[in-house]
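Every heavy atom of this structure was used, including side-chain atoms; hydrogens, water molecules and symmetry mates were not.
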Amino acid sequence: MDKPEVPSTTSLIAEEATKHLTNLQKLDDEIIALLTHASKSLQSLNEPTTQSENQAKQDFQTHASKFFAGLESATVGLRKEAKALQDANMLGTTVTTNAEWVGGQKEKEGIAAAESVLRKLNADGED
């Protein structure tokens, strides 16, 4: 009777590394999309166009919403990958802890800035 083949440790590590690299590539694509939405939201406010002011506000809000949704998704994905690397003893614990604190602070600052712009836009639209 033949023994079933047991995958080698090296092949298991390579398979796991490939999975994480694929996940990181997807996150890279998400970050590119984030930058596109950020650019389009600012562009809708800064460039003179033939569209109405209400349309410009709507475009800004749409792209800003997509930006923040994408930011949340990318943040979660990066945290998962950092955790996986930490679990594999490839990162120190302080890297993840510091990254979460800084990321949380930056996220709060970004949301506050976006809300301020939206309030200003709404106030200008009511005049």
Side-chain donor-acceptor pairs under 3.5 Å in residues 27-38, sequence neighbours left out?
| unit_1 | atom_1 | unit_2 | atom_2 | d |
| --- | --- | --- | --- | --- |
| D29 | OD1 | Q25 | NE2 | 3.2 |
| E30 | OE1 | S73 | OG | 2.8 |
| E30 | OE1 | A74 | N | 3.3 |
| T36 | OG1 | I32 | O | 3.0 |
| H37 | ND1 | H63 | ND1 | 3.3 |

Tell me yes or no: between the side chains of N54 and Q58, is some donor less than 3.5 Å from an acceptor?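 No, because no side-chain N or O of N54 sits under 3.5 Å from a partner of the opposite role on Q58.
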To the nearest 0.5 Å, how far apart are CG in L78 and NZ in K83?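 Output value for this atom pair is 15.5 Å.
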Considering all heavy atoms, the nearest A64-S41 contact: N-CB, 4.0 Å
